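Right, one structure below, let's go through it.
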Amino acid sequence: MPIALYMDQHVHRAITVGLRLRGVDVLTAYEDQASRLSDAALLDRATAIGRALFTQDEDLLAEAAKRQKDNLPFAGIIYAHPLRVSIRACINELEMIAKAGQAEDIINQVQFLPLRR
């Protein structure tokens, strides 16, 4: 099954729109009425509904590291620094991850954008 994405409240709307135009399954925290949740609760929510969380919030990286250390499962995080990865690059790379990957590929993992270094 392709990777379904969950966008945190800090993600630029143009990324969500661009992905939807390309047929990617995207749900935003705002649409899910979860935009005011703490980082931990937001990651719990994404996990509960089986979606990898896309974020540009570094605090979520600390939450993921804590869960990895404590062996607590989560659906996966994809992170892009907002000043280092353009909106276009986010759309292109998230589309590739979502369509080419499988949900189990990213469980308990953190994927950093850009993919090419």
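Quick caveat, the model's predicted, so the values are computed rather than measured.
Scanning both residues, A46 and L53, for their nearest heavy atoms gives CB-CB, 4.2 Å. Minimum heavy-atom separation, L43 to G76: CD1-O, 4.4 Å. Across every non-hydrogen atom of G50 and A4, the tightest pair is O-CB, 4.4 Å. The minimum heavy-atom distance linking C90 with L113 is given by the pair CA-CD1, 4.4 Å. Nearest heavy-atom pair across P73 and R67 is O-NH1, 4.2 Å.
Within 6.0 Å of CZ on R13 lie no more than 12 heavy atoms contributed by other residues, nucleotides or ligands. For NZ of K99, the number of neighbouring non-hydrogen atoms (other residues, nucleotides, ligands) closer than 6.0 Å is greater than 12. Within a 6.0 Å radius of OH in Y79, other residues, nucleotides and ligands contribute more than 12 heavy atoms.
For the side chain to side chain contact (heavy atoms under 4.5 Å, CB included) with I87, the lone residue among N92, I15, V17 that qualifies is I15.
Hydrophobic cluster membership is shared by L115 and V24, with clusters built from Ile, Leu, Val, Met, Phe, Trp and Tyr side chains linked at under 4.5 angstrom. Cluster annotation: V110 and Y6 are assigned to the same hydrophobic cluster (Ile/Leu/Val/Met/Phe/Trp/Tyr, side-chain heavy-atom contacts under 4.5 Å, transitive). By the criterion of side-chain heavy atoms lying less than 4.5 angstrom apart, applied directly or through intervening Ile, Leu, Val, Met, Phe, Trp or Tyr residues, I49 is not grouped with L72; the two fall into different hydrophobic clusters.
The distance from the CG atom of D57 to the NE2 atom of H81 is 11.0 Å, given to the nearest 0.5 Å. Between the CG atom of D8 and the CZ atom of R45 there is a distance of 15.0 Å, given to the nearest 0.5 Å. A distance of 6.0 Å separates CG of L42 from CG of L37, quoted to the nearest 0.5 Å. Taken to the nearest 0.5 Å, the CG atom of L94 stands 5.5 Å off from the CG atom of L19. Distance check: E58 CD to H10 NE2 gives 11.5 Å after rounding to the nearest 0.5 Å. Interatomic distance, K66 NZ to L61 CG, rounded to the nearest 0.5 Å: 15.0 Å.
Not a single donor-acceptor pair under 3.5 Å links the side chain of R51 to the backbone N or O of M7. A donor-acceptor pair under 3.5 Å links the side-chain atoms of T47 to the main chain of A75, judged by distance alone.
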Would you be so kind as to tabulate the donor-acceptor pairs closer than 3.5 Å made by side chains of residues 101-108, with sequence neighbours excluded?
unit_1: Q102; atom_1: OE1; unit_2: M1; atom_2: N; d: 2.4
unit_1: D105; atom_1: OD2; unit_2: Q102; atom_2: N; d: 2.9
unit_1: N108; atom_1: OD1; unit_2: F74; atom_2: N; d: 2.7

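No side-chain heavy atom of F54 sits less than 4.5 Å from a side-chain heavy atom of V26. Looking only at side-chain heavy atoms (C-beta outward), D39 and T55 stay at 4.5 Å or farther from each other.
In this structure, R88 has no salt bridge (Lys or Arg N to Asp or Glu O under 4.0 Å) partners at least two apart in sequence or on a different chain.
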